[in-house]
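In the text below, chain A, chain B and the rest are named by the order of the sequence lines, each starting its count at 1. This structure is a prediction, so every number in the text was calculated from the model and none was measured.
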Amino acid sequence: MTHQIIIAGFGGQGIMLMGQLLAYAGMLEGKNVSWLPSYGPEMRGGTANCNVIISDEPVASPIVTEATAVMAMNRPSLDKFEGAVMRGGLLLINSSLIDKKASREDIEVCYIPANEIADQLGNSRVANMVVLGSFLAKTGAVSPASVIESLKKVLGPSKEHLIPLNEEALKRGAERVRECVNR
Amino acid sequence: MTHQIIIAGFGGQGIMLMGQLLAYAGMLEGKNVSWLPSYGPEMRGGTANCNVIISDEPVASPIVTEATAVMAMNRPSLDKFEGAVMRGGLLLINSSLIDKKASREDIEVCYIPANEIADQLGNSRVANMVVLGSFLAKTGAVSPASVIESLKKVLGPSKEHLIPLNEEALKRGAERVRECVNR
Amino acid sequence: MARVIFDEERCKGCELCTTVCPKGIVVMARDRMNSKGYHPATVIEMDKCIGCAFCARICPDVAIEVEK
Amino acid sequence: MARVIFDEERCKGCELCTTVCPKGIVVMARDRMNSKGYHPATVIEMDKCIGCAFCARICPDVAIEVEK
Amino acid sequence: MTKVFTRPKSLTDKPFHYCPGCTHGIVHRLVAEAIDELDIRERTIGVAPVGCAVFAYEYFNCDMQEAAHGRAPAVATGIKRVLPDRVVFTYQGDGDLAAIGTAEIVHAATRGENITVIFINNAIYGMTGGQMAPTTLIGQVTTTTPYGRDPGKAGYPIRMSEMLATLEGVAYIERVSIHDIKHINQAKRAIKKAFETQLAGKGFSMVEVLSTCPTNWGMTPVEALKWLERNMIPCYPLGVKKEVK
Amino acid sequence: MTKVFTRPKSLTDKPFHYCPGCTHGIVHRLVAEAIDELDIRERTIGVAPVGCAVFAYEYFNCDMQEAAHGRAPAVATGIKRVLPDRVVFTYQGDGDLAAIGTAEIVHAATRGENITVIFINNAIYGMTGGQMAPTTLIGQVTTTTPYGRDPGKAGYPIRMSEMLATLEGVAYIERVSIHDIKHINQAKRAIKKAFETQLAGKGFSMVEVLSTCPTNWGMTPVEALKWLERNMIPCYPLGVKKEVK
Amino acid sequence: MSKVLMKGNEAIAEAAIQAGCRYFFGYPITPQNEIPAYMAKRLPEVGGCFIQAESEVSAINMVYGAAGAGARVMTSSSSPGISLKQEGLSYIAGAELPCVVVNMVRGGPGLGGIQPAQSDYFQATKGGGHGDYHLVVLAPSTIQEAVDLVMEGFDIADQYRNPVMILGDGMLGQMMEPVEFRPLSSKRELPPKTWATTGYTGDRPRNIINSLYIDPQVLEEHVKKIYQKYEEIKKNEVKVECYNCEDAEIIVAAYGTTARIVKSVIQKAKQEGINVGLIRPITLWPFPTSTFEEWAQREHIKAFMAVEMSMGQMVEDVRLSVNGKKPVFFYGRTGGMVPEPNAILAEIKKVIGGVLR
Amino acid sequence: MSKVLMKGNEAIAEAAIQAGCRYFFGYPITPQNEIPAYMAKRLPEVGGCFIQAESEVSAINMVYGAAGAGARVMTSSSSPGISLKQEGLSYIAGAELPCVVVNMVRGGPGLGGIQPAQSDYFQATKGGGHGDYHLVVLAPSTIQEAVDLVMEGFDIADQYRNPVMILGDGMLGQMMEPVEFRPLSSKRELPPKTWATTGYTGDRPRNIINSLYIDPQVLEEHVKKIYQKYEEIKKNEVKVECYNCEDAEIIVAAYGTTARIVKSVIQKAKQEGINVGLIRPITLWPFPTSTFEEWAQREHIKAFMAVEMSMGQMVEDVRLSVNGKKPVFFYGRTGGMVPEPNAILAEIKKVIGGVLR
Ligand SMILES: Cc1ncc(C[n+]2csc(CCOP(=O)(O)OP(=O)(O)O)c2C)c(N)n1
Ligand SMILES: Cc1ncc(C[n+]2csc(CCOP(=O)(O)OP(=O)(O)O)c2C)c(N)n1
Ligand code: SF4
Ligand code: SF4
Ligand code: SF4
Ligand code: SF4
Ligand code: SF4
Ligand code: SF4
Ligand SMILES: [Mg+2]
Ligand SMILES: [Mg+2]
């Protein structure tokens, strides 16, 4: 099985981190992984996206052109990457920031009000973890436990206290996606 | 007919000028000519030499490896270029500064006490013109008149007064070489 | 009588203009966002404006015009 | 009592040494040439030498040694 | 009502790409205002650097050349020698002017090249993500001085204005700041005077502008202005460094 | 009788290739004497320039690297950082140090690189046959200023010592001359002090030596020394430009 | 040793440190800035020294100095900065000094862009500097390979006293993959650096680092000596991967990240019943000429196609190797555009359709 | 017009002036110092401007500025200096500016020597700088040809908005030959420089000289547009001399001064009854590929041999052109050594003996 994932949104939404956590978790689970950011000349916000591959096979090209899953965290991302989802693939839409509906019929689409859920959790910055939770629940690409373990490494001991919040966010995302209807 | 000439001596002996005058004169006479100096990194004296070709044909390589004539103005030059004279070619030796005799038997060798002759003319700097005069007399490569015309161009009007001295030097060189016996 | 005009699309919400207004009337419009996602600066009590153009002079994005 | 020794092969005939000798005893040997074609510097009246080493100190080619 | 403050004509309509609160924008506007006031836009040619101001050619509403990193003074020299009656200016960052372009700025200055240089000293490499610049302060943390700039290893902040002021070809050099309105006004006067120096054919003129990089300094724009005032000005004293009357 | 003056041990036996009367030779000897007197030859590494002194590696009797034109300070930096307990010096001409190598010398100085620079200012490019150097005097005729150096076109003589002395990393800079015995002795003291500065770990040290190029100046060696005294010293005042005690 | 997830640039920096590199001289440029940043942080921890030079020109000359003093030393940059290093590289090669130089290539010419490209192939392999010389050019395709090649690169540099270039691109530098820092499989006997300028204490001849040979005869001998070394390198150091060539009708030549994309294409092609092989030069210089020669002689191989992120540079070396035995095609994207698998596949089909069937 | 006897370097400088070049930015280096010296003297006489830049890097960037402002402008240097100009050349090509750059090649690598060499062929023709671009490279063999090519070079540069390199060597620069400054035989319609930065007065769009294209798609388009120009150049501008090829058994490929030596060899060989041809590329880029292709198909031609003052650089282009149809040999001297006619002849005989008979 090969997961070919695109994650996209505003700079500042934690897009790159989502990808890195996935890749890290995949590695912890003994899979082949790669993470590829799109990088620009500018320090100055704008959109950010990254490609993640998690596979049982060695990773050939780290570029994802046909995604098994796309996580669109804002409107421009949806516009840009909806077409990249492969037939039968998964599209996760952060419906807190995206009022538009997906137009494709040959894929599975879930709407997650990630910012709202995060706000409920008391920290809007974990919206990314909510969507990630949804993704994990849908695909089983890696286990939430591996993601949390990865997060521990990334945050370091000084930010250990943030772990429960993130765990909760993953869980809420997972719960929410179970309710979600295809389109 | 192609004259392939090497002129060699100390820096300061007017070696480069001899060559340029020959080339210039050849050009004035409608021949194909080239002049090629050997150049070094150093501003600092040492030996100098140049290659001159005067030919009815277009000049292919400007490098003279087999010379129809060599003018050796000092001892190191003789050592270095005696071997470059082609069989039957001409070797002119400034015997004022070179006490050695040529060793080759298959070429024509003339000894010109150029500095002495120049000193007699009251200016040791025209030793080069003396040897050039000998060369012209021996080979007829170009006419002395063409050389003098070239010299006028090179010296410019301000040094016009030096022309008679140089003319005389050419003449004395020519006279001397008539007396000279092959080795 | 003076008036400042904000080009809200150019505004990047840096807040520099809010720090120099001698009348303290320049504030950030927390209630709206421009298309780049910034809360733009605005003036609340325009009648207090003296047209000194300090706000405009410090704005790095030339988002402010002043009339008098 | 002092003595200067010229390494005539190193000498390039620049004449700098001749200009600094307080005794004026350093001169160029016009009668001979070294293998590079230079007239070397030399001292004519060595007994006048005071060993000040001025000549050596200005020689750009380190061609002079001085004993005392 | 009449406009008492409006966008200068020497700026195009294009919105700046700079980060929020980056003072590059202020200096752009001051340069454009000076050009407007002197009414020289039609005969001005600008040279953009490599640095955050790399797109300056999209903003200044005059003919522009984009130079290689650090080489703007050489490029300006080429232009000015061909078109001596045009007004030529460069706009350069501290990495551009004070590091890779050191030889070019020193020699444009010593040649007395009749150009105007706008030098943005923000104590950092903005565009490449916050490396040490030659002007980075002692102790300042950057990506290439992660433990703070240690002069024993990474050298001392370089005062380009003072250094260049020792050169005979220099007609006018002033260091200014833009951390408040008073200083912005002073900066504007200096920039205008620099162009006037060129118009008078007096030789090389330069204005060093202390500037902020909120993004790579890791501060809000407002904090950054304060940091500039408190930390940069003591190291880089403001004022005229040389003026040939 | 004992030798009161003899060839320093830090010179090899190889005769110099310099033109007759060229003062490069004097400075070579002074450097070698300083190294001898400080007894540091075995731990000294020299960097030769591109210029007439390009063969310096054949003369200094220590390990040597030959640098690309102008880059000696960067090369010396590389060596010194690897071997901080060695003594590293560069020997550079004015084309090398003040033209193509401007950025390298400025930044070695501002970094306070603990090296010693011997800077030969002969107001000309000797090796390449007499072109203008940045230090060429106003009015001086060279192959690239055939009508005499016109500052309006070719700029002003650059005073590197004064310029570098503005930099914080500099521990010691002095300008000396070698046109007579008194000044040769002073030059020797300065060179020695420069090495001592390095030995004390104080940072960047440089001695600028006004020097002659009889060949390209078109003078006899004796005339050249006089010309130096009369024309160069007024433009390049001798003395200590900076000294950190 | 366990695996860690790292950015290519950081992994390359760490690999250098693990290979004993203690000196780094660099100048910022995208997309390789993580290398100097990592070095600035790590080198002081291991007793090394990082300097941000005032320019790429200075950086490469600091490298020259440090290498001459016997150190393991590295610099890195990207295309415009590498152009500025050309004089220095020629000097280092001429003076026979070992060092490692990383070029994370971006789109050119001029200021160009900052997205991945392979348009510096000519510069890297043919000598962007003046004179007769070569760099050893290593082109990793994965981060793991980058790590391994950096470590081996230092050994190669030391063994042959020649600069080694790691030719990557922005993609390799920016992406993350799991990587293991493992000892090199092949231990080399490295000659002691008796030539280094460490101080002339008399126990060896005086050491001079130099590339000036004013007598042309001596310079020629020097160059010929270097070229003998190059023959050794050609004999010993060629690295190449052949993938799926056995049953292929067409062989694609690609290196670095492009080769990864081609591998994806090969998998796709298989599904469509097309058999495509890949020859992936790992050493770009020395080029795996004989590998191409051999496959060019096989009957089942009908054509070659070079795929590059350039307007066609390595393709010349492919043509030189194939030497007219089979047609050689080219497909490239440039300026930071990365070739898409589908486009490559389409191109392959076009070749197969037009030429083979 | 009458002939004058001139040094190659001076003739090149005068040719530039006669071609309307009024700006020269240079830095001294042997063996081309007569060019800046001549320019320093002559340019003020014709209302032009000479600057001795502080370095080659500055010089090429002054050229960039002056060319952008619409001037005819030139710079000259020799090998190490040309290496330093690589970034600038890439910028000039990327910004599509016209200029003429002279490289009087000397032996390398590194500081090398100052005697004539051809070891910068790769650098000149394959792009010593970064990115996808080419210089037009003209290689005169005589001083007359140098003069003609410099004059035409300015036209070519202007016509295609691309830098043109004159690739000579110390021998060509230092020797004297009679030369005539004559108008170009082919007049070109040169496009007006509407793109030059002369001041934005409103009668045309604002002019920007630039090579930055941050969007890779746009950069790719830009590069492709430049490469379309290159196709035009390949079609229109190839220059080559074929000498004595009709009855030859072997064709020597040589350019510049080496080709002159080969001509001497051909005369010698004739006397010994050996028929040797010469293909002399005058444009090194674009390379006269089709000329080689055509002769390679002739039956009487048994082999090719490249003769160069290098370790073998142009020989690659010869091989690429001959494409395996005939064997291609190489003979070279390097480091400033000039191949001797007898040695070349011996080499030719060896080839003929070993391969042909
Ligand atoms: C030759 C070269 N080296 C390095 C770079 C990368 N680079 C781009 S901008 C920059 C530094 C910018 O810093 P600064 O000049 O201070 O401008 P700022 O961004 O701070 O305004 C560097 C090093 C380049 N483009 N070209
Ligand atoms: C990159 C480069 N540019 C130019 C040269 C040619 N060159 C050799 S020496 C020299 C100048 C020497 O002048 P200076 O440094 O003043 O030393 P001097 O000969 O006067 O002692 C130049 C330009 C070179 N070798 N390399
Ligand atoms: S013009 Fe002056 S008073 Fe009015 S809003 Fe701006 S700063 Fe305040
Ligand atoms: S200064 Fe300008 S950009 Fe900043 S908040 Fe005010 S209006 Fe907006
Ligand atoms: S040591 Fe003094 S006194 Fe003796 S010769 Fe030399 S300069 Fe004259
Ligand atoms: S100073 Fe030295 S080189 Fe000059 S003349 Fe005297 S001994 Fe000879
Ligand atoms: S990175 Fe810094 S200098 Fe660059 S635009 Fe942002 S704030 Fe300004
Ligand atoms: S050219 Fe000048 S600097 Fe060079 S050795 Fe001769 S006199 Fe000395
Ligand atoms: Mg900056
Ligand atoms: Mg000099």
Side-chain angles (χ1 to χ4, degrees), chain E residues 9-10 12 14 17 35 40-51 53-88 90 100-111 113 115 127, chain H residues 22-25 27 43 47-73 75 84-92 94-95 97 99 129-130 193 195-214:
Chain E
K9 294 207 170 42
S10 292
T12 66
K14 179 134 191 156
H17 70 288
I35 293 173
I40 52 174
R41 191 183 58 77
E42 298 198 344
R43 59 190 178 107
T44 295
I45 299 158
V47 182
V50 175
V54 70
F55 295 115
Y57 57 77
E58 300 199 335
Y59 308 134
F60 290 115
N61 196 18
C62 58
D63 281 358
M64 296 284 298
Q65 287 201 32
E66 162 56 34
H69 191 34
R71 317 305 174 191
V75 176
T77 298
I79 301 168
K80 186 74 182 186
R81 295 295 176 127
V82 172
L83 303 167
D85 60 347
R86 304 302 199 283
V87 177
V88 181
T90 72
I100 192 169
T102 305
E104 285 73 15
I105 197 69
V106 165
H107 285 274
T110 196
R111 266 197 315 272
E113 209 63 52
I115 59 172
M127 158 147 279
Chain H
R22 289 294 174 273
Y23 302 90
F24 183 94
F25 305 97
Y27 189 81
L43 278 173
C49 171
F50 164 88
I51 296 187
Q52 182 174 316
E54 59 272 21
S55 73
E56 290 88 351
V57 172
S58 301
I60 193 68
N61 283 286
M62 290 175 184
V63 167
Y64 172 83
R72 280 208 155 174
V73 54
T75 186
L84 286 171
K85 290 184 204 266
Q86 291 306 325
E87 190 205 21
L89 285 170
S90 177
Y91 267 74
I92 293 174
L97 293 180
C99 69
H130 60 284
K193 296 186 172 179
W195 42 264
T197 55
T198 53
Y200 174 45
T201 51
D203 47 0
R204 55 153 172 79
R206 200 159 63 84
N207 282 340
I208 298 171
I209 303 292
N210 178 37
S211 64
L212 172 63
Y213 297 90
I214 206 69

At a heavy-atom separation under 4.5 Å, does [X] approach chain H through its side chain, its backbone, both, or neither?
| X | value |
| --- | --- |
| V47(E) | neither |
| T110(E) | neither |
| I79(E) | both |

>> Below 30° counts as parallel, above 60° as perpendicular, anything between as tilted: where do the rings of F24(H) and F50(H) land?
In response: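 Geometry flag for F50(H) against F24(H): parallel rings.
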_Rounded to the nearest 0.5 Å, what separates atom CE in M62(H) from atom CD in E104(E)?_
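CD of E104(E) is found 8.0 Å from CE of M62(H).
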For each of [options], tally heavy-atom pairs with chain E at distances under 4.5 Å, and name the one with the top tally.
| options | value |
| --- | --- |
| Y64(H), Y200(H), Y23(H) | Y200(H) |
| I60(H), V57(H), I208(H) | I208(H) |
| I51(H), V63(H), V73(H) | I51(H) |

With chain H, which of [options] has the greatest number of heavy-atom pairs at distances under 4.5 Å?
| options | value |
| --- | --- |
| K80(E), R111(E), R81(E) | R81(E) |
| V106(E), T77(E), I45(E) | I45(E) |
| Q65(E), R71(E), E66(E) | Q65(E) |

Return the minimal non-hydrogen interatomic distance between [X] and [Y], and the atom names on each side.
| X | Y | result |
| --- | --- | --- |
| A53(H) | S58(H) | CB-CB, 4.0 Å |
| N207(H) | A196(H) | ND2-O, 2.7 Å |
| T44(E) | I40(E) | OG1-O, 2.7 Å |

| query | Relative to chain E, which segment of T198(H) carries a heavy atom at a distance below 4.5 Å: side chain, backbone, both, or neither? | reply |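 Interface part for T198(H): both.
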#### Entry: Contacting region of R72(H) [heavy-atom separation from chain E under 4.5 Å]
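When you check distances to chain E, no heavy atom of R72(H) falls under 4.5 Å.
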Report task. Determine yes or no for a side-chain-to-main-chain donor-acceptor pair under 3.5 angstrom, with R206(H) supplying the side chain and M64(E) the backbone. Result ->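 Not confirmed, R206(H) side chain does not pair with M64(E) backbone.
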### Task
Would you check if the side chain of N61(E) reaches a backbone N or O of T12(E) as a donor-acceptor pair within less than 3.5 Å?
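No, N61(E) side chain to T12(E) backbone: no donor-acceptor pair under 3.5 Å.
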Determine whether the aromatic ring centres of residues Y59(E) and H17(E) are separated by less than 6.0 angstrom.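 Ring centroids of H17(E) and Y59(E) are less than 6.0 Å from each other.
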